[in-house]
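Some notes on the structure that comes next.
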Amino acid sequence: QVLLVQSGAEVKKPGASVKVSCKASGYTFTTYAIHWVRQAPGQRLEWMGWISVGNGDTKYSQKFQGRVTITTDTSASTAYMELSSLRSEDTAVYYCARDFGSGSLHYWGQGTLVTVSS
Amino acid sequence: DIVMTQSPDSLAVSLGERATINCQSSQSVFYRSNKKNYLAWYQQKPGQPPKLLIYWASTRESGVPDRFSGSGSGTDFTLTISSLQAEDVAVYYCQQYYDTPRTFGQGTKVEIK
């Protein structure tokens with residue numbers, strides 16, 4: 001079955017960067033895009049960007065442009081999301097999710113809590 | 001950006017009764033070339049990731065009980081739970097995938113009356 005397993009919780013200081021991993025299994029990794037979505041406490045889900053794993057193309061939300069980088073290591077079937085210049089408002093649970101070729105998110109990782117605090 | 005607005009923000013329904021959640025997009029998410037609405041519904045329980053229920057506005061994801069149904073087109077959509085069960089207590093989100101950035105509604109919390 002399709003599984004997305006994310007790295008563990010992180011605590012970072014303001015101004016630092018965080019890199020969250022998402023290891024995929026149960027399907028051919030290069031076939032589908034991986035998206036990153038975050039959820040701040042009590043807030044709605046917020047899409048950050050996606051990567052077309054097959055060709056490496058990326059698309060980011062303007063809100064995060066310049067601060068977020070999504071990459072993959074196809075040999076390890078793993079996607080990464082790096083967010084830089086962290087501020088307290090970036091405290092959230094970060095999810096990776098896989099689409100089915102169109103954009104609806106059919107499989108989700110378990111989430112990674114990133115806490116930004118001085 | 002396409003703004004997604006859900007109503008109500010919360011609702012309480014008796015077990016076995018119908019629950020209806022509405023979602024409106026600020027512009028149409030209907031793609032004429034393939035006649036599809038790029039709209040999905042998700043269920044999220046506390047401490048869990050979202051779970052896809054419906055995509056293409058009305059296609060039920062595999063394994064989702066048939067008491068969940070989606071309808072609508074263009075800018076107005078509805079998620080219906082025909083007979084609410086205790087395990088359906090959750091927050092429900094709509095999402096458009098017509099354009100980037102993908103955007104979600106603010107969520108509707110469903111509780112038991």
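Naming: A, B, ... by sequence-line order, numbering from 1 per chain.
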Please tell me whether [X] and [Y] are part of a single hydrophobic cluster in this structure, the criterion being side-chain heavy atoms less than 4.5 Å apart.
| X | Y | result |
| --- | --- | --- |
| A:Tyr107 | A:Val20 | yes |
| A:Tyr95 | A:Val114 | no |
| A:Val11 | A:Leu86 | no |
| A:Val5 | A:Trp108 | no |
| A:Leu83 | A:Trp47 | no |

Under a 4.5 Å heavy-atom cut-off, does chain A meet the side chain of B:Gln106, its backbone, both or neither?
->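 For B:Gln106, backbone and side chain are both near chain A.
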Flag the one option from B:Gly105, B:Gly107, B:Ser62 with the top tally of heavy-atom pairs under 4.5 Å to chain A.
-> B:Gly105
Decide whether A:Gln39 and B:Gln44 meet the rule of one side-chain donor and one side-chain acceptor closer than 3.5 Å.
-> yes
Highest number of heavy-atom pairs under 4.5 Å with chain B: which of A:Ser61, A:Ser102, A:Gly109, A:Gly111?
->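 Result: the option with the highest number of such pairs is A:Ser102.
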Is any side-chain heavy atom of [Y] closer than 4.5 Å to one of [X]?
| X | Y | answer |
| --- | --- | --- |
| B:Trp56 | A:Ser104 | no |
| A:Arg44 | B:Tyr93 | yes |
| A:Leu105 | B:Tyr42 | yes |
| A:Tyr60 | B:Thr100 | no |

Is it true that atom [atom1] of [X] has more than 12 heavy atoms of other residues, nucleotides or ligands lying nearer than 6.0 Å?
| X | atom1 | result |
| --- | --- | --- |
| A:Tyr27 | OH | yes |
| A:Lys12 | NZ | yes |
| B:Glu87 | CD | yes |

So what's closer than 4.5 Å to chain B heavy atoms on A:Val93: side chain, backbone, both or neither?
->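 Neither part; nothing is under 4.5 Å.
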Minimum heavy-atom distance B:Phe104-A:Val37, with the two atoms named = CE1-CG1, 4.2 Å
Rounded to the nearest 0.5 Å, what's the gap from CG on A:Asp99 to CG on B:Leu52? Could you check?
-> 11.0 Å
Would you find a donor on one side and an acceptor on the other, under 3.5 Å apart, between the side chain of B:Tyr55 and the backbone of A:Phe100?
-> no
